[in-house]
Amino acid sequence: MDLLSFVAVPALAYLVIAAFVAIDAVVPAFPGEVLVVSSGALAAAGHLNVGWSIAAATLGAVTGDLAVHGMSRRALPGALERTRLGRRLKAKIARAHERMGSTSAAAIIAARFVPLGRTTIAAAAGVAGIPPRRFAVFAFAGGLLWASWTVGLGYVTGTVTDAPLWLQVAIGAAVGVLVGVWAGAAHTVIRTRRRMTDRARAAEAAATDCDEPSPSRTPELVA
C-alpha cells in the first residue's frame, strides 16, 4: 500500500485504521499496529491529524476487543465443552485468566501493550464470564493509552529523524514490539513473585499451626 495515496482521503484513512486495528484483535498477524505507527509518522509529515489517528485506533481497539470477548463469552465455552481437547483448552484458558488477573483493570490495560496479550486476555475474560460493560471500560482505557503511545511512536520518529517514511515506521514498530515484550516479561515476573510469596506465606502459616502444642486434656479422676 502506497502510504501517500492512502492518506489522499483522510476520512477514509481513519476508517481503514480503525478496521485494521479491529481485525488485528481476531487475527493477531494482521498489521494493525504497523498502520497505527504509520499514521503517527504521516501526522508528523502533515498528512494526517494526530487526534483523529488516536481516535480511530482507539475505536478499532475497543471494537476488536469487544468482538473477541463476546465470541469467547457466548460461543466458545459451549464449543469447548463438546470435546475432551476443548475442555483441556478451556482449563488452560482459565489458568491463563488466573495468572493474568484479567478481572483487574491493570491487567486488561497492560495486556494491550503485550504481543498477543490483547487477544489472549479478551478471550480469557470472555470465558471467565467478565461482564461486557466492565470489560468495555477497561478495554477503552487500555485502547486509548495504547493508541496514544503507538501513534506517538510514529509521530516522534517522524519528527526527530529525516529517514524515509518506511524506515520511520520500521523504527517505531520495532520500539513498540520491544517495549511490549519487556512489559510482558515484567508482568510475568511480578505475578510469579507474588504467587511464590503467597505460597511461602501459606506454607509458613501451616508450619506454625503444626508446631503449636495441642491443649492437653486434664485426666479425669476415677471415683
Side-chain angles (χ1 to χ4, degrees), residues 17-37 57-150 153 173-196:
I17 291 170
F20 269 52
V21 175
I23 295 173
D24 187 31
V26 183
V27 185
F30 213 70
E33 185 167 357
V34 173
L35 192 60
V36 177
V37 175
T58 302
L59 175 62
V62 175
T63 301
D65 290 352
L66 287 176
V68 173
H69 176 269
M71 290 187 294
S72 302
R73 188 168 183 261
R74 297 174 184 176
L76 191 57
L80 293 178
E81 286 293 342
R82 294 171 186 164
T83 63
R84 185 175 182 180
L85 179 61
R87 289 190 291 271
R88 289 181 180 178
L89 179 59
K90 185 177 179 180
K92 290 182 179 180
I93 292 176
R95 287 194 295 271
H97 162 262
E98 182 180 357
R99 288 196 301 269
M100 292 293 292
S102 59
T103 56
S104 69
I108 294 177
I109 292 173
R112 173 71 258 190
F113 296 85
V114 179
L116 299 179
R118 169 196 185 187
T119 302
T120 301
I121 206 165
V127 172
I130 307 303
R133 289 186 180 180
R134 175 185 173 90
F135 180 78
V137 172
F138 299 155
F140 174 76
L144 179 59
L145 290 174
W146 170 82
S148 301
W149 158 255
T150 309
L153 280 176
V175 172
V177 170
L178 289 175
V179 171
V181 171
W182 176 85
H187 178 78
T188 301
V189 170
I190 292 173
R191 293 285 299 176
T192 301
R193 287 181 177 178
R194 287 180 179 175
R195 289 200 304 271
M196 292 177 65

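Side-chain atoms are counted along with the backbone in the values below, which use heavy atoms only and exclude waters and symmetry mates.
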| request: Measure the shortest side-chain to side-chain distance between Phe20 and Glu33 over non-hydrogen atoms and say whether it is less than 4.5 angstrom. | output: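 No; the side chains remain at least 4.5 Å from each other.
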| task | Decide yes or no for Ile109 and Leu145: does some side-chain heavy atom of the first lie under 4.5 Å from some side-chain heavy atom of the second? | result |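 They are in contact (side-chain heavy atoms under 4.5 Å apart), so the answer is yes.
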| field | Backbone of Ala61 reached by a side-chain donor or acceptor of Arg118 within 3.5 Å | value |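 Yes, Arg118 side chain to Ala61 backbone: donor-acceptor pair under 3.5 Å.
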| field | Donor-acceptor contact below 3.5 Å, side chain Thr119 vs main chain Ala25 | value |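 Looks like yes, one N/O pair under 3.5 Å.
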| Thr58: which of Val21, Val36, Leu144 passes side chain to side chain contact (heavy atoms under 4.5 Å, CB included) |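 Among Val21, Val36, Leu144, the one meeting side chain to side chain contact (heavy atoms under 4.5 Å, CB included) with Thr58 is Leu144.
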For [X], side chain to side chain contact (heavy atoms under 4.5 Å, CB included) partners two or more places apart:
| X | value |
| --- | --- |
| Leu66 | Val62, Phe135, Ala136 |
| Val137 | none |
| Pro132 | His69, Arg73 |

| query | Between atom CD1 of Ile121 and atom CG of Asp65, what is the distance when rounded to the nearest 0.5 Å? | reply |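 If I round to the nearest 0.5 Å, the distance is 10.0 Å.
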| query | Can you tell me how far CH2 of Trp149 sits from CG of Leu153, rounded to the nearest 0.5 angstrom? | reply |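 Spacing of CG (Leu153) from CH2 (Trp149) equals 4.5 Å.
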